[in-house]
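Worksheet for the structure shown next.
Letters A, B, ... are given to chains in the order of the sequence lines, protein chains preceding strands, and every chain is numbered from 1.
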Number of protein chains: 2
Amino acid sequence: MKNLTLAADSASTLSLTGSDRTIVIAVGLVAVIALVISFVLRLGVLAAGKGSPKMQEISAAVQEGAAAYLGRQFKTLSVFVVIVFLLLFVLPADSTGERIGRSVFFLIGAGFSAAIGYTGMWLATRANVRVAAAANGEGRERAMQIAFRTGGSVGLATTGLGLLGAAVVVLSYVDQAPKVLEGFGFGAAMLAMFMRVGGGIFTKAADVGADLVGKVEQGIPEDDPRNAATIADNVGDNVGDCAGMAADLFESYAVTLVASLILGSAAFGAKGLVFPLIVPAIGVLTAIIGVYITRARATESGLATINRSFYISAAISAVLCAVAALVYLPKNFNDLGVAAVAGLPGNPAVIAIVAVIIGIVLAVVILWLTGYFTDTNTKPTKDVAKSSLTGAATVILAGISVGFESAVYTALVIAAAVYGAFLLSGSLTVALFMIALAGCGLLTTVGVIVAMDTFGPISDNAQGVAEMSGEVSEEGAKILTDLDAVGNTTKAITKGIAIATAVLAATALFGSYSNAIDTAVAKAGSVAVNGLRTFTNTVVSPGTLVGMLIGAAVVFMFSGLAVNAVSRAAGAVVREVRRQFREIPGIMEGTNKPEYGKVVDIVTRDSLRELATPGLLAVFAPIAVGFGLGVGPLAGYLAGTIATGTLMAVFLANSGGSWDNAKKLVEDGIYGGKGSPAHEATVIGDTVGDPFKDTAGPAINPLIKVMNLVSVLIAPAIVSLTIGDSSNTALRIAIAIVAVVVIAGAILIAKRRASVLQD
Amino acid sequence: MKNLTLAADSASTLSLTGSDRTIVIAVGLVAVIALVISFVLRLGVLAAGKGSPKMQEISAAVQEGAAAYLGRQFKTLSVFVVIVFLLLFVLPADSTGERIGRSVFFLIGAGFSAAIGYTGMWLATRANVRVAAAANGEGRERAMQIAFRTGGSVGLATTGLGLLGAAVVVLSYVDQAPKVLEGFGFGAAMLAMFMRVGGGIFTKAADVGADLVGKVEQGIPEDDPRNAATIADNVGDNVGDCAGMAADLFESYAVTLVASLILGSAAFGAKGLVFPLIVPAIGVLTAIIGVYITRARATESGLATINRSFYISAAISAVLCAVAALVYLPKNFNDLGVAAVAGLPGNPAVIAIVAVIIGIVLAVVILWLTGYFTDTNTKPTKDVAKSSLTGAATVILAGISVGFESAVYTALVIAAAVYGAFLLSGSLTVALFMIALAGCGLLTTVGVIVAMDTFGPISDNAQGVAEMSGEVSEEGAKILTDLDAVGNTTKAITKGIAIATAVLAATALFGSYSNAIDTAVAKAGSVAVNGLRTFTNTVVSPGTLVGMLIGAAVVFMFSGLAVNAVSRAAGAVVREVRRQFREIPGIMEGTNKPEYGKVVDIVTRDSLRELATPGLLAVFAPIAVGFGLGVGPLAGYLAGTIATGTLMAVFLANSGGSWDNAKKLVEDGIYGGKGSPAHEATVIGDTVGDPFKDTAGPAINPLIKVMNLVSVLIAPAIVSLTIGDSSNTALRIAIAIVAVVVIAGAILIAKRRASVLQD
């Protein structure tokens with residue numbers, strides 16, 4: 001049970017039968033269908049009424065700002081991508097084909113991630129004005145339809161591209177597919193992490209900056225056109241919540257598939273390469289159903305409508321996956337034809353069904369749990385709102401408590417899912433595959449989840465466009481406010497699901513990490529360890545514990561850097577908006593327009609600059625630990641980041657969500673309403689929560705996966721520098737030192753920037 | 001390297017030579033000397049002038065309140081102690097003698113912990129008025145001397161009792177000493193945890209409650225006699241910072257010694273039982289020097305004076321420990337006569353010296369690091385203060401960033417120390433002992449550290465007595481304000497040192513956890529595992545990862561519970577103080593006195609009620625995980641609590657410290673001074689930081705050790721219920737379910753209380 005026999009070992013015996021090949025091609029076709037329907041939905045959205053010229057003008061400014069930001073971001077990131085592409089090429093590989101495939105699919109993964117982010121944002125910035133116009137003229141049902149179908153288009157593109165990529169790799173590489181997929185997943189995760197961090201800094205710097213000068217100093221409402229930062233704020237919603245989150249979920253999709261395929265081939269042979277493609281393909285089909293059945297009813301809230309679609313498509317997925325498992329998988333482990341699992345007790349089809357359903361149920365529970373802790377109608381948020389009666393300090397403390405508590409329950413639910421899947425088989429190889437399959441179950445919901453998430457920034461933006469144009473009727477405005485509140489909750493739910501995928505994928509990837517080490521050790525031909533106790537990866541080893549401590553520390557560091565980056569960039573926005581109020585006459589009276597573009601430029605420049613440090617930390621920290629301390633401590637390091645990262649991510653997301661909705665509750669009239677001391681206290685809470693929930697929190701999810709994949713990729717190199725003939729302690733330590741210097745340098749540069757900007 | 005041969009295995013061969021016995025007796029004598037000098041210092045303090053009748057009256061009220069609280073606390077805790085005593089008696093043991101010894105020394109450990117807390121508090125509540133009187137009449141030098149000698153008396157009592165207990169156990173039990181010491185350490189840690197949590201809730205509920213009504217609502221200064229919560233606030237300083245911290249450091253002392261003696265006997269045989277007693281005995285001697293050489297100079301700050309004493313005594317300790325190692329330990333592993341380490345390369349004496357010095361250097365580095373992040377003169381605190389210009393939200397964000405960052409560096413320094421000690425030997429048995437010896441090195445500083453820590457509440461209280469009496473001259477008040485600021489920093493440093501001892505002790509205890517399992521497995525005679533994969537304790541196992549996730553979650557839960565408890569108890573204080581202002585005429589005019597005792601009663605009742613839930617969580621969570629999931633996941637659980645707990649503890653302590661001192665900076669006049677918007681913003685930060693730094697943060701340190709010791713104690717029982725003839729899955733699961741029910745029940749009760757109190 002201790003030694004895994006994973007893909008690399010059984011590589012030579014793995015091949016697809018004719019019918020397996022047909023199924024994979026069918027999966028590819030499903031992916032293409034998803035992309036086609038995504039395009040059809042897109043055309044439908046674009047065909048909707050575009051509203052008044054003034055609304056179009058505002059929307060155009062947002063489109064322009066968002067496109068400019070993403071364009072510059074991709075230019076910046078391309079440098080990173082090229083460097084990592086080269087490094088990846090240098091790392092040990094089993095064959096030249098694998099080496100080339102891994103690097104090329106790294107590019108493809110990164111490209112897909114970027115493309116999803118860009119398309120999602122492109123459409124969202126065009127949907128905003130259409131939703132505003134529909135709310136104004138055609139009513140709530142139509143407005144909601146446009147918003148949700150935009151989300152649906154992005155959701156289907158996300159799942160379609162992920163599935164297509166995986167199917168193509170499996171078809172073309174078969175036995176080497178797992179290794180090549182590591183590159184694909186890493187590319188997707190790395191780009192998503194950068195987009196998440198950069199977009200998160202952008203959106204919150206603009207938001208916090210706009211609020212500090214507008215709401216606090218000048219006493220003008222949110223989205224007031226006199227505030228020079230409003231366009232930047234709206235751009236931020238798109239590049240952060242929309243482009244960043246779409247890329248993030250694409251990455252979750254890709255990495256979970258990668259883990260499933262690696263572990264599936266080891267446990268179930270060729271059938272294990274195919275089944276993890278069937279499950280999300282079913283998810284794509286049910287997502288299409290989910291998007292089309294979403295119709296607002298006059299008698300229910302928007303959230304109830306969306307939740308119904310989610311539950312229905314999840315239920316259909318569960319049934320179809322069960323059918324697929326019963327038809328496709330054998331009833332007996334012997335029939336799989338895999339030596340490693342032959343003779344195991346149990347029915348492979350049945351345990352696979354249970355695993356997939358665990359994943360789907362996990363999604364449902366997290367949806368409910370996050371709703372409970374952040375929704376405006378539930379006790380925790382009401383308690384936070386009530387604490388505003390005793391001032392801002394108690395609001396902060398109450399929100400932190402809610403965040404801690406919800407993080408605990410979410411972590412326990414995720415832990416239960418992992419453990420439940422783990423208990424499905426006495427064989428570690430099979431158990432790890434079951435955990436990955438639970439991840440695939442979770443994936444079946446991603447189409448609808450992306451649709452729900454994209455709904456958030458679109459409705460937020462629609463409200464912004466309506467407010468700034470001043471041309472939307474009172475009834476239209478009411479509709480948009482309602483949709484915005486729904487969007488707040490769906491955004492929080494998405495974050496919960498995203499972190500769950502991270503834990504499942506990372507736990508499963510741990511198996512492939514372990515396998516990479518075993519394979520490398522076997523290849524080195526000698527187990528003489530030079531200079532370092534590399535293989536003490538029991539939990540009770542001090543080396544492992546030191547790794548865990550460093551892993552937990554990196555999560556804290558990353559969160560602190562992200563929060564700091566927002567504070568710095570927001571400071572620059574505050575100064576610019578103040579300058580414009582001071583130097584451009586007539587802004588306050590509405591006779592002169594502020595220079596929106598300048599603020600967009602400043603936030604663009606600052607967030608791209610700020611993104612480097614946390615990004616470098618994510619990539620280089622595992623390199624430093626792995627080469628410096630060895631693969632045992634690196635395993636501890638990964639475990640530390642997963643455990644602490646999960647708690648921290650949910651804590652940050654939910655305390656932020658709870659502060660946001662507590663503010664909304666007070667604004668709705670209790671405890672004195674807008675302008676009361678209670679309101680002021682909740683505004684402080686909301687401002688603290690902004691970088692928590694939209695910058696640091698959600699970026700931890702791709703962070704965990706990037707670090708896991710970096711570790712899987714470098715493990716063979718560490719082993720070969722540690723043991724056997726090619727061991728080279730000096731080189732190994734030199735690499736670690738370079739990594740430490742890169743991290744330390746990046747942190748120092750960010751710190752120096754702080755002192756320059758604060759003056 | 002994988003299998004440890006620890007005490008239990010080599011038990012029969014372990015005996016003390018005549019000279020070893022003499023040395024242990026000498027160590028016991030040093031402990032007695034420490035206690036005698038502690039008593040002499042105490043007499044000296046009590047002989048100092050007691051100030052005016054009014055000052056004495058105030059001090060008497062504080063004494064009375066503190067004694068009443070501790071009395072009721074001990075009554076409450078005695079129930080817990082009796083229950084745990086019985087449970088401990090039921091747990092498997094190698095012999096009846098061991099069983100009885102373990103349970104009896106559990107009581108002794110708990111009793112010593114309580115005694116230290118009580119004595120420390122008793123003296124501190126009498127020193128406060130004497131320090132105030134000295135500042136008023138005899139000047140700064142004498143005031144500081146009284147405060148520091150009070151601390152010195154408590155510090156010497158702490159180290160004296162710890163050392164005495166360990167020496168007595170070693171002398172009377174020799175081969176069974178490690179097992180018996182587990183009981184001693186557990187008793188000390190459990191009681192310290194409860195005192196830390198209860199005292200922490202008391203002190204901050206009173207402080208926050210007093211501030212919310214006094215400073216915020218009524219606009220009267222801190223320690224104003226018109227505020228009904230002032231006496232409770234001063235009582236809180238004593239029961240939290242003084243009694244709680246003294247018990248906590250005693251517990252650190254005891255547990256580190258326990259770990260060292262367990263691991264020392266395995267690695268170095270009898271010499272390994274004796275050397276870990278010699279090192280702290282040297283620390284006791286140098287602490288005496290440190291206390292007596294502390295003399296304030298007119299030209300330097302109080303902090304510089306105290307730091308100098310610390311550095312000098314640390315340096316002397318390092319030299320004397322080196323000499324002791326060279327004289328007492330052999331130059332060759334063969335000469336130790338221990339089969340497990342015979343033939344190892346290296347010089348035992350030299351690596352022991354390096355380990356001890358690593359510990360001493362660690363203390364020095366943490367002293368410096370904590371000072372850097374929380375002191376008023378350094379950049380981080382200045383930055384937090386500056387952020388008050390843009391309001392409370394930015395103050396909170398800046399403080400959180402400082403907390404995150406300082407936690408990262410502190411964790412990395414601790415990790416480096418652990419890893420450095422770990423690298424000292426290629427044998428895991430020896431390496432673990434070296435980590436424990438580094439802990440002993442850290443212990444040499446505890447005498448002075450306790451003195452520094454106790455200095456904090458005394459000077460805080462002295463200022464309170466002076467303020468309330470209104471009889472202290474302006475110059476005297478200035479002296480007391482300075483001493484109070486010094487106390488703030490020394491308190492923060494103490495917390496850093498305490499968490500470092502937790503990590504070192506817990507890492508070392510991990511070895512004895514592993515050994516307990518191996519021994520139990522060997523005894524069970526069969527390795528057939530029933531129903532559960534118990535021994536998958538590699539890091540990469542999903543079971544371990546699930547354990548880690550739960551461990552990290554428990555740290556978050558515990559922190560959230562502690563913060564919540566303070567909020568609830570503070571709410572009760574607010575209501576009572578408001579009621580008194582409303583119902584008792586003449587309070588505001590000073591013609592009538594508020595009912596101080598009522599507030600003390602309320603806080604006493606509430607904090608004792610609140611202490612149960614986090615306490616039960618700490619004791620029962622490892623039971624639930626261990627019996628429910630097995631010893632592998634329990635190992636992961638412990639690792640998760642250590643990694644996350646370290647970061648969380650330092651984060652909470654230092655962000656709180658930084659907010660506190662940022663407030664002081666603004667009060668000193670920058671950014672508008674007292675009453676300015678900037679000041680209001682920093683007051684909000686300080687209020688948020690109060691439960692962070694004085695309740696949740698410091699309680700994590702004993703929490704980690706309690707959970708580790710519970711795990712070590714239950715490991716054999718888990719193993720015997722899992723494998724071999726006495727395996728019993730139903731009983732095992734039943735125990736886990738009971739533990740979960742206890743935890744869930746305690747949490748639900750705490751939650752219900754919340755809703756009752758909030759109305």
Side-chain angles (χ1 to χ4, degrees), chain A residues 212 216 386 390-394 396-398 400-401 404-405 407-408 411-412 414-415 418-419 422 431-432 435 507 510-511 513-514 537-540 542-546 548-553 556-557 559-560 563-564 567 574 635-636 639-640 642-644 646-647 651 684 687-688 691 758, chain B residues 212 216 386 390-394 396-398 400-401 404-405 407-408 411-412 414-415 418-419 422 431-432 435 507 510-511 513-514 537-540 542-546 548-553 556-557 559-560 563-564 567 574 635-636 639-640 642-644 646-647 651 684 687-688 691 758:
Chain A
L212 282 179
V216 181
K386 196 172 191 179
T390 37
T394 45
I396 300 290
L397 288 173
I400 285 176
S401 287
F404 279 166
E405 206 186 330
V408 170
L412 291 180
I414 297 174
V418 171
Y419 202 71
F422 172 61
L432 282 173
I435 294 171
T507 311
F510 242 175
Y513 173 76
S514 184
N537 64 353
T538 62
V539 203
V540 297
T544 310
L545 207 65
V546 165
M548 286 180 53
L549 210 48
I550 299 175
F556 274 70
M557 188 56 144
S559 307
V563 170
N564 254 334
S567 302
V574 167
I642 295 172
T644 306
T646 305
L647 271 297
F651 158 63
I684 290 174
T687 308
V688 171
Q758 270 192 355
Chain B
L212 282 179
V216 180
K386 195 171 191 180
T390 38
T394 44
I396 300 290
L397 287 172
I400 286 176
S401 288
F404 279 165
E405 208 186 329
V408 170
L412 291 180
I414 297 174
V418 172
Y419 202 72
F422 173 61
L432 282 172
I435 294 171
T507 310
F510 241 175
Y513 174 75
S514 186
N537 64 353
T538 63
V539 202
V540 297
T544 310
L545 207 64
V546 165
M548 286 179 53
L549 210 47
I550 299 175
F556 274 71
M557 189 55 143
S559 307
V563 169
N564 254 332
S567 301
V574 167
I642 295 171
T644 306
T646 305
L647 271 297
F651 158 63
I684 291 174
T687 308
V688 171
Q758 270 191 355

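- Looking at A:Leu397 and B:Pro691, their side chains come closer than 4.5 Å, going by heavy atoms from C-beta outward.
- For B:Ser567, the part lying near chain A is the side chain, with the backbone staying farther off; criterion is any non-hydrogen pair under 4.5 Å.
- Between B:Tyr419 and A:Gly543, the shortest heavy-atom distance links the atoms CE1-CA, 4.1 Å.
- Between A:Phe510 and B:Leu545, the closest side-chain pair of non-hydrogen atoms falls below 4.5 Å.
- Top candidate by heavy-atom pairs under 4.5 Å with chain A, chosen from B:Leu647, B:Ile550, B:Val688, B:Thr394, is B:Leu647.
- Contact annotation for B:Ile400: only side-chain heavy atoms (C-beta onward) come within less than 4.5 Å of a heavy atom of chain A.
- Only the side chain of B:Ile435 comes within contact range of chain A, judged by heavy atoms closer than 4.5 Å.
- The line from CZ of B:Phe556 to OG of A:Ser401 is 12.5 Å long, rounded to the nearest 0.5 Å.
- Ranked by heavy-atom pairs shorter than 4.5 Å toward chain B, the options A:Gly640, A:Gly560, A:Gly551 are led by A:Gly560.
- Comparing A:Leu412, A:Leu549, A:Ile684, A:Val418 by heavy-atom pairs within less than 4.5 Å of chain B, the highest count is held by A:Leu549.
- Closest heavy-atom contact between B:Met548 and A:Ala643: O-CB, 3.8 Å.
- Considering only residues two or more places apart in sequence or on other chains, A:Thr644 meets the side chain to side chain donor-acceptor pair (under 3.5 Å) condition with B:Thr644.
- Taken from OG1 in B:Thr390 to CG in A:Leu212, the straight-line distance is 6.5 Å, to the nearest 0.5 Å.
- For B:Thr687, there are no side chain to side chain donor-acceptor pair (under 3.5 Å) partners, not counting sequence neighbours.
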